[in-house]
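Structure, as structure tokens:
Everything numeric in this text was worked out from a predicted model, so none of it was measured. Position 1 is the first residue of the sequence, and the numbers go up from there.
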Amino acid sequence: MEANDIKYFREVLEGLLDDIMQKSQETIEDMTESGEIYADPADRATAESDRAFTLRIRDRERKLVRKIQQALQRIEDGDFGICSECGDEIGTPRLKARPMTTLCIQCKSKQEEDEQVRGD
């Protein structure tokens, strides 16, 4: 992979990481500032449901942060863009769609087929 491509993907990954960190900080601020009192139990239930949904999203993003950090580490190590399964180069279109991926499209397709057969 060329140096320009590596630079591009580093910037994309760092941008994703910054966005996630900013959203998580906003969520923390919203939840600590929210001292609302609800007269109607339905309003309170709706607010609690919204908070739970937001926390589920942030938990998924927390897991994504780890994958982004691992991708940035692979860039540092010189392993970025190499399939961890077969060792072939991961295509640029796949990396643009999912820059933190570790599998080429063929290995990912095989993995998904295997999961479908096992019922995962």
Side-chain angles (χ1 to χ4, degrees):
M1 187 172 288
E2 295 181 21
N4 288 341
D5 293 334
I6 294 291
K7 181 181 176 188
Y8 167 78
F9 287 115
R10 181 190 312 270
E11 290 172 359
V12 167
L13 289 164
E14 289 172 347
L16 287 170
L17 193 57
D18 289 344
D19 288 345
I20 292 171
M21 299 308 273
Q22 181 181 355
K23 287 178 187 175
S24 70
Q25 186 61 37
E26 290 171 4
T27 299
I28 291 170
E29 290 170 6
D30 287 346
M31 290 193 169
T32 55
E33 291 174 1
S34 178
E36 297 179 32
I37 299 172
Y38 300 99
D40 183 13
D43 290 342
R44 180 173 180 80
T46 299
E48 291 296 326
S49 176
D50 290 348
R51 282 190 199 106
F53 180 71
T54 299
L55 289 173
R56 281 195 307 272
I57 290 171
R58 296 301 165 252
D59 186 52
R60 289 181 61 132
E61 288 176 345
R62 179 185 55 83
K63 293 173 186 173
L64 184 59
V65 163
R66 256 185 285 169
K67 291 180 181 182
I68 292 170
Q69 290 170 336
Q70 290 169 350
L72 288 168
Q73 186 60 49
R74 285 194 303 277
I75 288 174
E76 293 299 317
D77 296 342
D79 298 332
F80 183 79
I82 306 297
C83 179
S84 62
E85 190 74 24
C86 69
D88 289 344
E89 189 171 310
I90 299 172
T92 303
R94 172 136 172 84
L95 287 170
K96 284 184 178 179
R98 185 88 173 150
M100 64 287 301
T101 190
T102 60
L103 298 174
C104 66
I105 194 70
Q106 292 83 10
C107 291
K108 183 62 179 175
S109 296
K110 183 180 181 319
Q111 180 189 54
E112 289 174 353
E113 288 172 11
D114 292 345
E115 288 172 358
Q116 200 170 35
V117 168
R118 288 191 312 261
D120 291 349

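Tracing side-chain contacts under 4.5 Å through hydrophobic residues (I, L, V, M, F, W, Y), one reaches Val12 starting from Met100; they form part of the same cluster. Hydrophobic clustering of Ile, Leu, Val, Met, Phe, Trp and Tyr side chains at less than 4.5 Å, counting indirect connections, unites Ile68 with Ile6. The hydrophobic cluster containing Ile82 does not contain Ile105, counting ILVMFWY residues as joined when their side-chain heavy atoms lie under 4.5 angstrom apart, directly or transitively.
Side-chain atoms of Thr46 come within 3.5 Å of backbone atoms of Ala42 as a donor-acceptor pair (strictly under, hydrogens ignored). Judged purely by atom type and a 3.5 angstrom limit, Thr102 has no side-chain atom pairing as donor or acceptor with the backbone of Ser84.
Within 6.0 Å of atom CD in Glu85, 12 or fewer heavy atoms from other residues, nucleotides or ligands are found, so the atom counts as exposed in its surroundings.
The distance from atom CZ of Arg98 to atom CG of Leu103, rounded to the nearest 0.5 Å, is 11.0 Å. The structure places CD of Glu112 at 6.5 Å from CD of Glu115, a figure rounded to the nearest 0.5 Å. How far CD1 of Ile90 is from NZ of Lys108: 11.0 Å, rounded to the nearest 0.5 Å. Taking OG of Ser24 as the reference point, atom CD of Glu29 lies at 9.5 Å (rounded to 0.5 Å). Going from atom CD of Glu61 over to atom CG of Leu17 covers 11.0 Å, rounded to the nearest 0.5 Å.
We find that Lys23 and Asp19 are not joined by a salt bridge, their nearest charged nitrogen and carboxylate oxygen being 4.0 Å or further apart.
The side chain to side chain donor-acceptor pair (under 3.5 Å) search around Asp59 returns Arg62, not counting sequence neighbours.
Between the side chains of Gln22 and Glu26, at least one donor-acceptor pair of N or O atoms lies under 3.5 Å.
Other residues sharing the hydrophobic cluster of Phe53, ordered by chain and number and joined by side-chain separations under 4.5 Å: Ile57.
Between Arg10 and Glu76 the shortest side-chain heavy-atom distance falls below 4.5 Å. Contact check for Asp5 versus Leu95: no side-chain heavy atoms found under the 4.5 Å cut-off. A heavy-atom distance below 4.5 Å is found between the side chains of Ile75 and Leu13.
The shortest heavy-atom contact between Ala71 and Pro99 is CB-O, 4.2 Å. Residue Thr101 comes nearest to Arg74 through the heavy atom pair O-NH2, 3.4 Å, listed as atom of the first residue, atom of the second, then distance. The minimum heavy-atom distance linking Cys104 with Cys83 is given by the pair N-SG, 3.4 Å.
Applying the ring-ring contact (aromatic ring centres under 6.0 Å, His included) test to pairs two or more places apart or on separate chains, those with a residue in residues 60-84 are Phe9-Phe80.
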